[in-house]
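All chains are named by letter (A, B, ...) in the order of the sequence lines, taking the proteins before the strands, and each is independently numbered beginning at 1.
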Amino acid sequence: MSKSKIMGLFAFMLAVAVLFSACGKTNNQSSAPNSQGSSTPASQAASETPKDKKGFHIALLDGTNQNPWRTQFEDQMNQLAEQLKKDGILTKYDTFVAQNDPAVQAQQMEQLINAGVDAIIINPVSATSLAPVIEKAIAKNIVVLGVDQHINQPKVISVSNDQYEWGKIQAEWLMKQLGGKGNILWFDALAGAPANDTRSKAFQDVLDKNPDVKVLKHVNADWDQGKAKQLMTQMLSTFPNYDGILTQDGQAVGILQAIQEAGKVLPKGITSDEVVSYLKIWHDINAKDPNKKLNAVIVENPPGIGVDTMWVAVKLLQGKKLKDNALSSDSADPNSKNALLIKPSLVITNENMEKYYEQYKDKPDTSYIDNILTEQQVDAFFQ
Amino acid sequence: MSQVRKFLSSAGTSGYLLLLGAIVINVVVQGSSFFSTANFTSILSVNTPLIIAAIAQTIVVLNRGIDLSVGSNITLVNTIVIMLSNKYGWSIEAACAAGLIAGTFIGAINGFIIAYFRIPSLLATFATMSVFGGLALIVLPTPGGSVPSYMYLLYGGQTLGIPNSVFIVIVVALIWLLLSKYPIGKHIRAVGGAEKSAYTAGISIAKVRFIAFTLAGTISGVAGLCITALTASGDPKIGLSITLNCIAAVILGGTRLAGGWGGIGGSVAGAVFLGLVNNIVFFFFNNFLTHFSGIASRASFIQQLLTNTIIILGLASAVFTQRRKKRAKIAT
Amino acid sequence: MLQIKGLNKQFGNVKALNNAYLNLRAGEIRGLLGSNGSGKSTMAKVLGGLMFKNAGDISINGETVEIGSPLDSRERGIAVAYQDLSLVPQFTIEDNLTLGREPRTSGWKRIERKQTREEATKWIEKLQINAAPHTLVESLDPSTASLVEVAKALSWNPKILLLDEVTACLHHDQVNRLFEVLRELKEQGLAIIIITHRFDEIFKICDSATILRNGETVTEIDIKDVVETDLVYYMTGKRPEPFSRKSTEEHAKKTEREVVLSVSDLYLRDKVKGVSIDVHQGEILGICGLQGQGQSDFLRAVYGSVAFDKGTITYQGKSVAFRSPKDAIRQGIGFISGDRHAEGIFPDRTIKENIFISKTSLRNLFSSVNTKKQAATTEEVVQRLNVKIGSIDHSASSLSGGNQQKLLFGRNFLFDLKLVLLDDPTKGVDISSRREIHQILRDLTKTGTSVLISSSDHEELLEISDRIVVFYEGRVNAEMTVDEHTEDLLISAMLGVRVNDHQEAGA
């Protein structure tokens, strides 16, 4: 590889690039005027004249879309964006997915900043790695929000479902079913994943208050139905005298299948899975023998958090300020008060199960039981 | 004419041509803002860790090996730097130096296992990938930490209109090009090209292989420092996606996985190509498809489909040009 | 100068070298002879440091030496040019020549490119290698690559030079030039050992010969004291019976038989330009020519492993164009290549598997395999072809070149063959195996099988063929029925002289 050859190559590439720059300019003016024409004033509007409350450009940076929860999350945000576009509040809304690659996400963020976006909603691949580029965005008065996953950045508000509360409600419900004593099997999900750890801590805190409840076995099923089923099958023979099951979501259907296939009795209580298929199985078990109902609970962990976040973004762009008490600290980032935690409000037990079954029975098995905040409920977070 | 033919038959051709094609398409979808310094800086600074990892991978592949632990190496270096500077109060410079030493050490361990215990590199680095990845989780269990702002400002900045990260790539590339002028550079290729012949010529296969992997470790360490400067934080999973991407870059760059043939130029081009693909897809959506609401609502899936299709086509064309060269050879 | 005593080398139970000896003076050219598997290459590898002896003494200039690595060997002044080249294909000629002993610049100790180039140029000129120093070795044809291998050995400035069958791929003029250089070096006191199968070369260049049989040194003799049959006797322990050449009439008679394969006006890129030939039933048709005149490409086009551009192939009365070797095998066509390593043997698989690979490939991928029957058939094939093996479950790489080649014949004999295509099948095969292979071919024709054989050795073709076509630059330059006078015509036709009168006689 001679030097002259490399230089020649560079020269050639440069020549072609310059050639195309001319074409590129005309192209840009004709086809994408809004990326420079309308959004730049809009961002100025957001920062300088907060009375202008319309015409925003918002983008979602999703870390991955490889599961049904994410799909529902993106779909709902798209629906709201369409509606907001009709109202003129949004002019442009785009989704970009990073395929779990932090570098790709950083690059997308850089380009959004260069393109002059007004607000960026990020579901981060890495909780910390976007720090420098987020600073760049904030310096340009772009509203940056985290969604579903906390971002460790003091100036960035992350909107997420309150996972601690999610875990606490379930665990407390289970303790009540067992009357404060008995043996349980404990299924956590993927060790090290932030949501898992937060929920696990909530479980532990509740268990600490109930010293008579004994944990026979504590396992990780990685949010995987198959793995949960396999683990449960093993434990049915080693720990036949369990009373209740404390599990994170994405696993309960597998656990129930293992129990049913082994022909064992149902547990005295089992905790949540928010997929519609769980609701259907629950309904079927109850319908088969009304005397042997499944004693279960569902606590929502709604994909609708995306829609909630979009509302928050719009309100912030419109110049509203969050109430001081709306924010709290995320356990992964205890030093800053930058988490907007949405507490679960929808809890399904045997008392109201049939009602929700009617509501969801026509939805696909893989969709999630969902609850979206109304605009008014979001307004309640603001001054 | 013969110059053109010579260029077309050189190893990096596929990488350069793909890069050229990507630049052209990128200019078309992005418009003139492609030529802004901000754009160059953002593309290159984000992709520099991948580019440098691709250089490291090239050295190993030239030696007829493969290093699956590049990503873990980068991650471990990143977590070590953050832990030392945040938890133990080391200066960032000292922490980076330690990180670089750690990267070299990781490479040396790989090299030692592969060269002296004669375990195939695919197997050995598959194992060390998990070991070093696990170590990174121990060093820094959760994402966090920070670096002084001057570090990432310097890394993301530019000098005379050239992104600073480019200088890092140039320095790393120069180190390898300089080594190529020494017997060791030649011997790394010789062992990769025809191990038996190299042995017959009196070259110590084990020593050369050890050096190749150690060098790759050091360079991966540099990539780890770059990702630390880019993200200004530590994350025990930050480098995972780099491993496969840098192997893809090497293939795109025309380096033969069978060893002995290729060069870092093509790999750098291949890595930049991968970065540009993301850019192309971004602007394709941002500037064009956003107006079609039917497409926009399925944007994230179409993006993945598009990105991966372009990469597969790129890989196929890189492999195809190689195969055609080979077939032409058989016919003679 | 070099003295080897009681050299032993064992691979498992097989004794590759058993009490072998060799004594060599400075300024002597020694032929190291023996049939395949007699231990010549093993001795070369022991001297080159690629293998370690089990017992025995090697002394150079009276001093006993231990050769533990190629580096050791080189430091003792030994250089070896190997049969299976020791070049790095992805490197240029100059980089290969200096590999492992790169000249360095004085200050920074970098590789001195200028000196590298000069040195390469020197050897290229000396051996008249037809390639520039910056040419990639993988783009060289086999003969040039062999010369580069020799140049590499010579460039080490050895005191003892060992050439392991390097002439196998060389053209006539290349061999002559090489021998000139060797004689010159011999005058300067270089001791040279040549391993070759070509008897004419032995008589041309060697002063003396060391003959190995089954790993043992049989004798060391002066060449001027012996004739060809003596050498064969030493190598095999038997006096060869001269094969009688059949009469012209006998050869001509075969052309009256049914045509099995008829190729007309075949084109394949710039390799084959309008070749037409007919092969009759039970006939051996030889394809002769200098290397790279399109013979190999022609055979591969017929076999279906490369697609031809234009022309027709009629096989058993039907027009065919095989899309892949599989089709050809199904139709009873066998193919055996002299390039065993690239196109034949699976060195790491067992002998049994090697014999059965084509047969099983024709069946359903998941059909069951009767291992007992396979073993029995393998034994039978091995016996019939006189393949020297340890066990049918040993790997094919444990066999010598000639025996590997016979294995390929065995593979094809599992089918009911109508036509066998052979591309230089006896390349690097010793004289006795060669004769066995010739006998196998003759036996085949008795059962009505036709043989189309290409060879780089025209004497071989004269010996076994009924008719010979001569390829020159992708065309058939001459076609002739074999008789006593054919040889002169053949050689001139090979060199491109048109010999039309004889073409008629053959057709």
Does one side chain, of B:Lys181 or C:Thr105, offer a donor that lies under 3.5 Å from an acceptor on the other?
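No, C:Thr105 and B:Lys181 have no side-chain donor paired with an acceptor closer than 3.5 Å.
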
Treating [X] as the side-chain partner and [Y] as the backbone partner, does any N or O pair qualify as donor plus acceptor under 3.5 Å?
X	Y	result
B:Ser197	C:Leu87	yes
C:Gln90	B:Gly259	yes
B:Tyr182	C:Trp108	yes

Please check if the number of heavy atoms outside [X] that lie under 6.0 Å from its [atom1] is greater than 12.
X	atom1	value
C:Asp309	CG	yes
C:Arg104	CZ	yes
B:Lys207	NZ	no
C:Phe52	CZ	yes
C:Glu66	CD	no

Minimum heavy-atom separation for [X] to [Y], with atom names?
X	Y	value
B:Ala190	C:Leu99	CB-CD1, 3.8 Å
B:Pro183	C:Glu102	CB-OE1, 3.8 Å
C:Pro70	B:Tyr199	CG-O, 3.1 Å

Side chain, backbone, both or neither of [X] within contact of chain B (heavy atoms, under 4.5 Å):
X	answer
C:Ser296	neither
C:Lys152	side chain
C:Leu268	neither
C:Arg110	both
C:Arg101	neither

Inspect the contact between C:Glu138 and B:Arg256 and indicate whether a charged nitrogen and a carboxylate oxygen are less than 4.0 angstrom apart.
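Yes, charged N to carboxylate O under 4.0 Å.
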
Atom CD1 of B:Ile184 and atom CD1 of C:Ile111: how far apart are they, to the nearest 0.5 Å?
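Answer rounded to 0.5 Å: 10.0 Å.
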
Among B:Glu195, B:Lys196, B:His187, who wins on heavy-atom pairs under 4.5 Å with chain C?
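Going by pairs under 4.5 Å, I would pick B:His187.
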
Do B:Arg189 and C:Asp95 touch side chain to side chain, with heavy atoms closer than 4.5 Å?
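No; the side chains remain at least 4.5 Å from each other.
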
Less than 4.5 Å apart, side chain to side chain, heavy atoms only: is that true for B:Trp261 and C:Val88?
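B:Trp261 does not reach C:Val88 side chain to side chain.
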
